[in-house]
Amino acid sequence: MKRLIKITLLQFRNYASATFHFNAKVTCITGPNGSGKTNLLDAIYYLCYTKSYFSAYQQNTVQTGLDGFRVTGIFEYQNKQESISCKWKQGKKEIFLNDKEYEKINDHIGKYSSVMIAPDDISLINEGSELRRKWIDSILSQTDTTYLEKLIRYQKVIIQRNAWLKMQSFNPAANNIELEYYNNQLEIDGSYLFKERTTFLNSFIPLLNEYYKKLTFGKEVAELNYNSELQENSLISLLNKYHNQDLKFQRTMHGIHKDELEFKLNSLSLKLYGSQGQKKSFLFALKLAQYAYLRQKQGKMPLLLLDDIFEKLDQNRMIALLGIIQDNENFGQVIITDTHPERIKQVFGANAEVDFIYL
């Protein structure tokens, strides 16, 4: 297990300069609303993935009025310490492992893993398919460097192909040589991504079912359906078949970037028919299964980051969740935010190994 033992923040969100230590298996970050609990959790996530969990814009992670930040963490692994430092200044990002800068930032992905569960994650169920594709891509990118490389290239080629399609309205090409190159590259990379998504779900769905049963005491059956056009057709045939449609709409209408993941309970759409309680249980099962999958594939336990979850759970779900994460064999370091430290002490018990950071 790679365990975080220290983090230092400089100009990160609401922190001008601060250092925090983590001495126990479970750490609760506690304080009033607005004190920076979620921001500290986000800084830990940033160390793992070189990006914020809560914002797509780097500038939003910089303290107001300043032009950069640095987050440095010390991890302990097999009785050795490693330093990770993430620096962002005026649009330039630099990542250092033991004070040596990575040549490519993507080389860091997969070395340190964490799973975040936050209140807004319910959008993974309620919102559009893009969020679900990003979720599955984020998992596979941590366990397969080839997947990450092909995903980046696929997304780049889609942008190039769409630009080519738009140009045909103003300046039609004399031939389709450029288009054929894009189509062939999408076929190569898209087929790989489709195959790996399919293989992943075959392993992941049993884990999802296992954790959903644990959280709900086996009352319902959780399902995850993968819908892709590549289940019936090759990508190259789709691109050729819908060439005129793509020209009309000036964008690529078919491919693995249109795949959908459908969540169900007892064969009914969770998004359309699930109650809030069912959606919360499914979401927690999804994230716990993600944790288990990463643990199995990477051979080490990720960090489990829980943001303000006890405000959102009823007593039965809270007891079930805590029973799962207190399993020493399958879960490692857990970092929780909560406004009420006494609640954490009560739910974990007087003898639990729980430390507190008071903000």
Side-chain angles (χ1 to χ4, degrees), residues 1-4 25-26 44-45 47-50 53 75-80 82 84 106-118 121 124-125 131-151 192-216 218 221-226 228 259 261-264 281-306 309 320-336:
M1 177 178 72
K2 290 189 176 182
R3 191 173 72 87
L4 179 66
K25 178 188 175 182
V26 178
I44 297 168
Y45 184 89
L47 286 174
C48 296
Y49 299 116
T50 73
Y53 187 79
F75 288 84
E76 189 175 69
Y77 181 59
Q78 296 180 341
N79 297 319
K80 296 181 181 179
E82 297 177 334
I84 298 297
N106 286 337
D107 290 342
H108 181 67
I109 305 304
K111 293 185 181 296
Y112 297 84
S113 294
S114 63
V115 175
M116 177 84 78
I117 306 178
D121 287 342
L124 192 60
I125 294 170
L131 288 178
R132 291 181 284 280
R133 286 193 298 273
K134 285 183 177 180
W135 169 76
I136 192 173
D137 287 339
S138 71
I139 298 172
L140 287 167
S141 294
Q142 295 176 61
T143 59
D144 181 354
T145 55
T146 301
Y147 188 96
L148 178 58
E149 291 168 0
K150 288 184 176 292
L151 177 66
Y192 183 89
L193 300 175
F194 166 72
K195 178 176 68 71
E196 293 305 311
R197 287 177 180 180
T198 302
T199 302
F200 160 73
L201 290 170
N202 288 337
S203 301
F204 182 83
I205 291 172
L207 295 171
L208 172 65
N209 279 312
E210 175 188 344
Y211 282 109
Y212 191 82
K213 287 178 181 177
K214 287 181 178 179
L215 288 169
T216 62
V221 177
E223 300 174 39
L224 198 169
N225 293 339
Y226 177 35
S228 174
D259 286 358
L261 297 176
E262 189 177 14
F263 303 144
K264 290 186 175 183
S281 294
F282 195 100
L283 177 63
F284 281 108
L286 202 68
K287 292 302 187 84
L288 293 172
Q290 176 181 340
Y291 184 101
Y293 179 83
L294 290 173
R295 184 188 69 230
Q296 290 175 4
K297 294 293 289 186
Q298 297 178 327
K300 56 181 180 289
M301 295 183 185
L303 298 175
L304 184 61
L305 310 177
L306 306 176
I309 63 166
L321 176 63
L322 291 176
I324 292 170
I325 65 176
Q326 286 183 293
D327 179 352
N328 288 321
E329 183 178 339
N330 292 313
F331 282 83
Q333 188 174 15
V334 181
I335 303 174
I336 304 170

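Note that the coordinates shown come from a computational prediction; the quantities given were computed from them, not determined experimentally. Starting from 1, each residue takes its place in the sequence as its number. As a basis for the values below, the full set of heavy atoms in this structure was taken, side chains included, without hydrogen atoms, waters or symmetry mates.
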Partners meeting side-chain contact (heavy atoms from CB on, under 4.5 Å) with A118 (sequence neighbours left out) = Y53, F54, M116, D121, D307
Among all residues two or more places apart in sequence or in another chain, which pass the side chain to side chain donor-acceptor pair (under 3.5 Å) test with Q296?
-> none
Sorted by chain and number, sequence neighbours left out, salt bridge (Lys or Arg N to Asp or Glu O under 4.0 Å) with K2 holds for E82
Identify, with sequence neighbours excluded, every residue that meets side-chain contact (heavy atoms from CB on, under 4.5 Å) alongside T143.
-> L140, Y293, L294, K297, Q298
For S138, all residues meeting side-chain contact (heavy atoms from CB on, under 4.5 Å), sequence neighbours excluded | none
Got a sec, which residues hit salt bridge (Lys or Arg N to Asp or Glu O under 4.0 Å) with K80, two or more places apart in sequence or on another chain?
-> none
Check side chain to side chain donor-acceptor pair (under 3.5 Å) between K150 and all other residues, then give those that pass, not counting sequence neighbours.
-> D189
Sequence neighbours left out, what passes side chain to side chain donor-acceptor pair (under 3.5 Å) with E223? Give chain and number order.
-> S267
Residue list, side chain to side chain donor-acceptor pair (under 3.5 Å) with R132, at least two apart or on another chain = E260
side-chain contact (heavy atoms from CB on, under 4.5 Å) with S141: which residues, sequence neighbours excluded?
-> Y147, L148, L151
Contacts under 3.5 angstrom, residues 206-213 side chains, donor-acceptor by atom type, not counting sequence neighbours:
unit_1: N209; atom_1: ND2; unit_2: I205; atom_2: O; d: 3.3
unit_1: E210; atom_1: OE2; unit_2: K214; atom_2: NZ; d: 3.2
unit_1: Y212; atom_1: OH; unit_2: E220; atom_2: OE1; d: 2.6

Quick one: list whatever passes salt bridge (Lys or Arg N to Asp or Glu O under 4.0 Å) with E262, sequence neighbours left out.
-> none
